[in-house]
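Everything below concerns the one structure shown next.
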There are 2 protein chains.
Amino acid sequence: MTADDRHGAETGPESAGSVLETLIGYNLKRAYVIVQADFREALGQDGLGPRAFSALSFVVQFPEITQSALARKLGIERSGLVAIVDDLERRGFLRRTAVPGDRRSHALVATHVGQAALRSAQDAVRAHEAALLAHMTEQEREMLITLLRKIRAREG
Amino acid sequence: MTADDRHGAETGPESAGSVLETLIGYNLKRAYVIVQADFREALGQDGLGPRAFSALSFVVQFPEITQSALARKLGIERSGLVAIVDDLERRGFLRRTAVPGDRRSHALVATHVGQAALRSAQDAVRAHEAALLAHMTEQEREMLITLLRKIRAREG
DNA sequence: CGGGGATTGTTTACCTAGTAAACGGACTGC
DNA sequence: GCAGTCCGTTTACTAGGTAAACAATCCCCG
């Protein structure tokens, strides 16, 4: 390898736009910031945050899931989940219940209030995303999710 | 609108997979976390962070850019940029230079060392991204960037 | 001129989201 | 019965970012 082809000479006439703009990571981050801001607007000042929203979604989907299992699903540490579950419990959206055969674990169960709150939050987020991405076709949005899931295939 | 079609009944036989998995925001975040971790691995323990990398890229692309203008390009506040520029200056990758007609501003110029460091960082990041996304075709990666840029069209 | 208002970089205080390490209590296998 | 492991939790720490205030400077306009 020569000094010449080490840096971009092999990429041909791709001089337009910076390298930065061609990186997946950079574009992902910028897009993420926009969608996340939209999410927060959808759920309001002191509505659920993204983390609590995801956590509650999993608890509804997998009743009696344990905190460790939930942390694994969310891709975060057990220690980080504590505050999230505290918050959801304080709001009355779920309860830590005893597990018959294991006094270490807490089985998380969503309350009716929590289930209703989740449904309404889901509606709000879906509506906001639809409005935010109204300049994209349905095929484009589907393709985007498909491609993002391809990256997610690299998850732990 | 009845209680029945308010929540998902109109979405038809889409019962497979949770609502969460159908949201752009959630998939974006999970994908971003993976790519960002890969980025950090590419640039090593105390190499450039994502923020410094992006900042240095813009400084090389737009020599003598002002800190305020750079903050706008990065989509962050001026106050947050100070520490980033401090870091890049401490590493000897750029200098704050005087602007002839305005004693408030600092024109940022990358040093030769900074330009070389950026090129080598770019190479490392590109190689890592290529390896991370080797399970996707070139068309898929291009399509992904195109779609992410469609979201970024919503940027301030 | 001469201000009043805007802009620049900076500091300070704060917030969110996450990790890492240590811990007591509880469980399991041998 | 006991060594090792697992669960939830606390604490300390990091990264990345905002918001408000500030002095210095600049610009416009009357």
Side-chain angles (χ1 to χ4, degrees), chain A residues 25-26 28-30 32-37 39-41 43 45-55 59 64-90 94-108 156, chain B residues 25-26 28-30 32-34 36-37 39-41 43-55 59 64-90 94-108 156:
Chain A
Y26 179 73
L28 259 183
K29 174 162 185 174
R30 297 299 292 248
Y32 169 63
V33 166
I34 293 166
V35 174
Q36 209 227 18
F39 180 100
R40 291 187 178 284
E41 193 187 310
L43 267 49
Q45 187 61 38
D46 39 45
L48 292 175
R51 305 178 312 155
F53 178 87
S54 301
V59 173
E64 308 208 337
I65 191 175
T66 213
Q67 283 188 211
S68 288
L70 178 54
R72 273 190 296 274
K73 286 210 178 287
L74 291 170
I76 64 176
E77 295 300 312
R78 283 172 300 149
S79 60
L81 183 59
V82 175
I84 301 174
V85 173
D86 282 351
D87 176 51
L88 287 170
E89 195 170 37
R90 213 176 303 116
L94 59 73
R95 294 194 328 263
R96 286 167 159 111
T97 71
V99 173
D102 190 340
R103 277 177 296 178
R104 296 169 303 175
S105 312
H106 292 161
L108 303 176
Chain B
Y26 179 72
L28 215 38
K29 172 161 185 176
R30 298 298 294 247
Y32 169 61
V33 167
I34 294 166
Q36 210 229 18
F39 179 100
R40 292 186 178 284
E41 194 188 310
L43 266 49
Q45 186 64 36
D46 38 46
L48 292 175
R51 305 180 311 154
F53 178 87
S54 301
V59 173
E64 307 207 339
I65 191 174
T66 213
Q67 282 187 211
S68 288
L70 179 54
R72 273 190 296 273
K73 285 208 178 288
L74 291 170
I76 65 175
E77 297 299 312
R78 283 171 300 147
S79 61
L81 182 60
V82 175
I84 301 174
V85 173
D86 282 352
D87 176 51
L88 288 170
E89 196 170 36
R90 212 176 304 117
L94 58 75
R95 292 193 333 261
R96 287 167 160 112
T97 71
V99 173
D102 189 340
R103 278 178 295 177
R104 295 169 302 177
S105 312
H106 292 160
L108 303 176

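Numbers restart at 1 for each chain; the letters A, B, ... are given by sequence-line order, proteins then strands.
A 4.5 Å side-chain heavy-atom check between A:Val33 and A:Gln36 finds every atom pair outside the cut-off. The shortest distance between side-chain heavy atoms of A:Ile65 and A:Lys73 falls below 4.5 Å.
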Exercise. Just by protein heavy atoms under 4.0 Å, how would nucleotides 12-23 of chain D read 5' to 3' in B, S and -?
Worked result: ---SSSBBB---
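Atom CD1 of B:Ile76 sits about 7.0 Å away from atom CZ of B:Arg51, to the nearest 0.5 Å. Atom CZ of B:Arg104 sits about 9.0 Å away from atom OG1 of B:Thr66, to the nearest 0.5 Å.
Partner of A:Val85 under the side chain to side chain contact (heavy atoms under 4.5 Å, CB included) criterion, out of A:Leu81, A:Leu88, A:Val82: A:Leu81 alone.
Note on ring orientation: taking the six-membered ring where Trp is involved, the planes of B:Tyr32 and A:Tyr32 are parallel (angle under 30°, cut-offs 30° and 60°).
If you find the closest nucleotide of DNA chain C to A:Pro100 and to B:Val85, the one lying nearer the 5' end belongs to B:Val85.
Remark: P of D:dG8 and CG of A:Leu81 are 8 Å apart, rounded to the nearest angstrom. One can place CG of A:Leu70 at 10 Å from P of D:dG8, the figure rounded to the nearest angstrom.
Residue A:Arg104 places its side chain closer to D:dT5 than to any other of D:dT9, D:dT5, D:dA24.
Dense packing is recorded around CZ of A:Arg96, with more than 12 heavy atoms of other residues, nucleotides or ligands lying under 6.0 Å away.
Between D:dC6 and A:Arg103, no contact under 4.0 Å exists linking OP1 or OP2 to a side-chain N or O.
The two residues A:Leu74 and A:Ser54 have their closest heavy-atom pair at CD2-CB, 3.7 Å.
Once you apply a 4.0 Å limit to the heavy atoms of chain B, the touched nucleotides of DNA chain C run 5' to 3' over C:dT7 to C:dG18.
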